[in-house]
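Here's the structure we're looking at; comments come further down.
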Amino acid sequence: MSKKKMKTMAFEEPLIELRKKISELKEYTQTVDVDLSSEITSLEERFAKLEEEIYENMKPWDRVQVARHPERPTTLDYLPLVFKDFIELHGDRVYGDDEAIIGGIGSFEGQPVTIIGHQRGKDTKENVRRNFGMPHPEGYRKALRLMKQAEKFGRPVICLIDTKGAYPGRAAEERGQSEAIARNLVEMAGLEVPVLSIVIGEGGSGGALALGVGNQILMLENSTFSVISPEGAASILWKDAALAKTAAEAMKITAPDLLKMGIIEHMIPEVRGGAHHDTTCQAQLISGAIRYSLKELEGLSAEQLISQRYEKFRAIGVFTE
Amino acid sequence: MAMIRDIFKKKRDEKEATIPSKAAKDVPEGLMTKCPNCKHITLTKELENLGKVCPKCDHHFKMTARERIVHLLDELSFDSVDDHLKSENPLNFPGYSEKVQADSEKTGLNEAVLTGTGSINGQQVVVAVMDSHFRMGSMGSVVGEKITRAVELATKLKVPFLIFTASGGARMQEGVLSLMQMAKTSVALKRHSNEGLLFVSILTHPTTGGVSASFASVGDINLAEPKALIGFAGRRVIEQTVREKLPEDFQTAEFLLDHGQLDAVVHRSKMRETLSTIVQLHVKGAGSDV
């Protein structure tokens, strides 16, 4: 993929401008006989500085945009880079196969694991097929089936979270969207194997949490985890969806926020500018984080894993006695 | 044209005629209650004797948590717990603390759920009753904490846990902390369940969003009150998404029963008896002649 085609975001505009200027200047020097190399060097230095400034000081709303970037790597992008021998397993054995969630078995650095992840599309056609990564009840029931299978065979479960939320549709309600999510929360609480939940993009409300009751929750630096989208929050709280940017800051939905609140265990750094700039490198960073987290959980008995998960979620909440 | 105008004119006149006359205003506030469904007017006292169910159309009025306790449990058997927990304002939302304070004064509760121990026909249970008059019954840190502690208490006492749900879902003003209460209550319920203990969820109007998508839907037995609104997503959101008109009874208790999502819809006048029987049938060694 060429970088030129990549969608840019508003906060990156100054960088794009400067990059354009530099390349114009470079072209110009080739056509006329003037030495502008010192100017170009100084501009390039400025570019590097600006890049650092912008990417090191990303605001919550900037991160929301990165998390939603159409080119942002998805579960399927990371799968072959992080895992080996992946075999997809379909269906919930009750109603159907929901392609908004994919799941299967594979190995992580030699260790068999079960992998489950939300899957959105990258173009319209795929998005229709995958329902924009917004699962129906059968998606959650497939996930639960595969978790139970993992438990039987004693392998860790690794969930990749990337959804705007569970699908709000008629069929979803008829087939028990609420029950499917609720069931996962309760059953994940009792899994006798290590469970890692990694937010790789958007973590939208209950539809995300249904894969989120892990021994550890990890978040990519530019991912979000929230009770409602910034737009939804703005329209409920201030009756104006245009205030989404303000809501994104107020709601504390970014990885650094959740790390500070003690809700997640680790934040996985992203390549500069966001995961979409270098999927391979990002996959390595994710692999490193999985290795580290599995190591931390290594040696815990089934009972210990369950009580560690209990204590983790038991402790969340802010109130006075 | 003139005729059309006449039609409208007539209607307008009719409308005006239904505006309550001065005489109606002379009745002291609260003495009579009008059914929002069939407009039937009942003496408030009589309505309370009927468990707040309209004698004409069976509409189940919303109950406060305290009314529910009185209606359900053995007299004077209820002991509330955790009334001292207070919500904070973790995200510093302007006006949030004041709203919680105001609802607390209005309802006499510390938060949108009342929890404690009590008995039904002499059988000990732990109950949690949500109250939609308190911030629409929404779940923040304290609601999650109180329910979790109630479940833990039931586990410790080895007794059934009953919950009456009434909630718009997770509370926006506490952000992701509210979302995580769904997981917190779930881990506690799993422990309770592993002990072989009974959990009955009774869904009342309205039970939606994050509450519907957590403890409300995972009872060993899920009951609901007639016509209660129960659903994951809001009706308007769904209509906008699927661009079709939804059936009238969409997301009602009866709709859910039809689609296999509930064990039974139970009339309020039968609730106490039904729950008593269910609890009785789960006593270890039940079935022998009592």
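On a predicted model such as this, the values are computed, not experimentally measured, just so you know.
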Do A/Lys59 and A/Glu249 sit within salt-bridge range, that is, some charged N less than 4.0 Å from a carboxylate O? no
Picking from A/Ala210, A/Ser178, A/Ala233, A/Gly232, which has the most non-hydrogen pairs under 4.5 angstrom with chain B? A/Ser178
Which one, A/Ala315, A/Gly212, A/Ser205, leads in non-hydrogen pairs under 4.5 Å with chain B? A/Ser205
Out of B/Ala188, B/Gly144, B/Gly140, B/Ser178, which one racks up the most heavy-atom pairs below 4.5 Å with chain A? B/Ala188
Structural part of A/Ala250 lying under 4.5 Å from a heavy atom of chain B: both
Does any backbone or side-chain atom of A/Ala180 lie under 4.5 Å from a heavy atom of chain B? Answer side chain, backbone, both or neither. neither
When the 4.5 angstrom heavy-atom criterion is applied to A/Ser307 and chain B, the contacting part is both
A/Ile306 versus chain B, heavy atoms under 4.5 Å apart: side chain, backbone, both or neither? neither
Does A/Arg183 qualify as a cation-pi partner of A/Tyr140, given the criterion of NZ or CZ under 6.0 Å from the six-membered ring centre and within 45 degrees of its axis? no
Could you check whether any side-chain N or O of A/His136 sits under 3.5 Å from a backbone N or O of A/Ala100, counting only pairs where one atom can act as donor and the other as acceptor? no
Under the criterion side chain to side chain contact (heavy atoms under 4.5 Å, CB included), I'd like the reasoning laid out for A/Thr114 against A/Met147: C-alpha separation, chi angles, the key distance, then a yes or no. CA-CA 7 Å; A/Thr114 288; A/Met147 288 180 204; 5.9 Å; no
For the residue pair B/Arg235 and B/Phe250, would you count it as a cation-pi contact if the rule is NZ or CZ under 6.0 angstrom from the ring centre and within 45 degrees of the ring axis? no
Heavy-atom cut-off 4.5 Å, strictly under: side chain, backbone, both or neither for A/Val213 against chain B? side chain
Between A/Ile253 and A/Pro230, which heavy-atom pair has the shortest distance, and what is it? CD1-CG, 3.9 Å
Is any NZ, NE, NH1 or NH2 atom of the basic residue among A/Lys142 and A/Asp97 found under 4.0 Å from an Asp or Glu carboxylate oxygen of the other? yes
Are the charged groups of A/Arg170 and A/Glu174 less than 4.0 angstrom apart, N to O? yes
Measure from the side-chain N and O atoms of A/Arg120 to the backbone N and O of A/Asp162, and report whether any donor-acceptor pair falls under 3.5 Å. no
With a 4.5 Å limit on heavy-atom distance, are the side chains of B/Val200 and B/Leu275 in contact? yes
Portion of A/Met261 that has a non-hydrogen atom of chain B nearer than 4.5 angstrom: side chain
Taking every non-hydrogen pair under 4.5 Å, which of B/Ala233, B/Ala213, B/Ser217 racks up the most with chain A? B/Ala213
Relative to chain A, which segment of B/Ala216 carries a heavy atom at a distance below 4.5 Å: side chain, backbone, both, or neither? neither
Partner chain B: residue of A/Met251, A/Arg314, A/Glu321 with the largest heavy-atom pair count (under 4.5 Å): A/Arg314
At a 4.5 Å cut-off on heavy atoms, which part of B/Gln173 comes close to chain A: side chain, backbone, both, or neither? side chain
Using only non-hydrogen atoms and a strict under-4.5 angstrom cutoff, which residues of residues 205-212 of chain B touch chain A? B/Ser212
Is a salt bridge present between B/Lys184 and A/Glu311, judged by a nitrogen-to-oxygen distance below 4.0 Å? no
Spell out the residues in residues 146-169 of chain B that have some non-hydrogen atom less than 4.5 Å away from a non-hydrogen atom of chain A, in order of number; otherwise answer 'none'. B/Thr148, B/Arg149, B/Glu152
Just by distance, no angles: are the side chains of A/Glu179 and B/Gln261 close enough, under 3.5 Å, to form a donor-acceptor pair? no
Does B/Met182 reach the side chain of A/Leu185, with side-chain heavy atoms less than 4.5 Å apart? yes
For the residue pair B/Arg66 and B/Val129, establish whether any side-chain heavy-atom pair is separated by less than 4.5 Å. no
Sidechain N-carboxylate O distance under 4.0 Å for B/Glu111, B/Arg171: yes
For A/Ser226, is it the side chain, the backbone, both, or neither that has a heavy atom closer than 4.5 Å to a heavy atom of chain B? backbone
Is A/Gln177 reaching over with its side chain to a backbone N or O of A/Pro135, donor-acceptor style, under 3.5 angstrom? yes
Is B/Lys245 salt-bridged to B/Glu239, cutoff N-O under 4.0 Å? yes
For chain B, find which of A/Phe319, A/Phe225, A/Tyr167 contributes the most heavy-atom pairs closer than 4.5 angstrom. A/Phe319
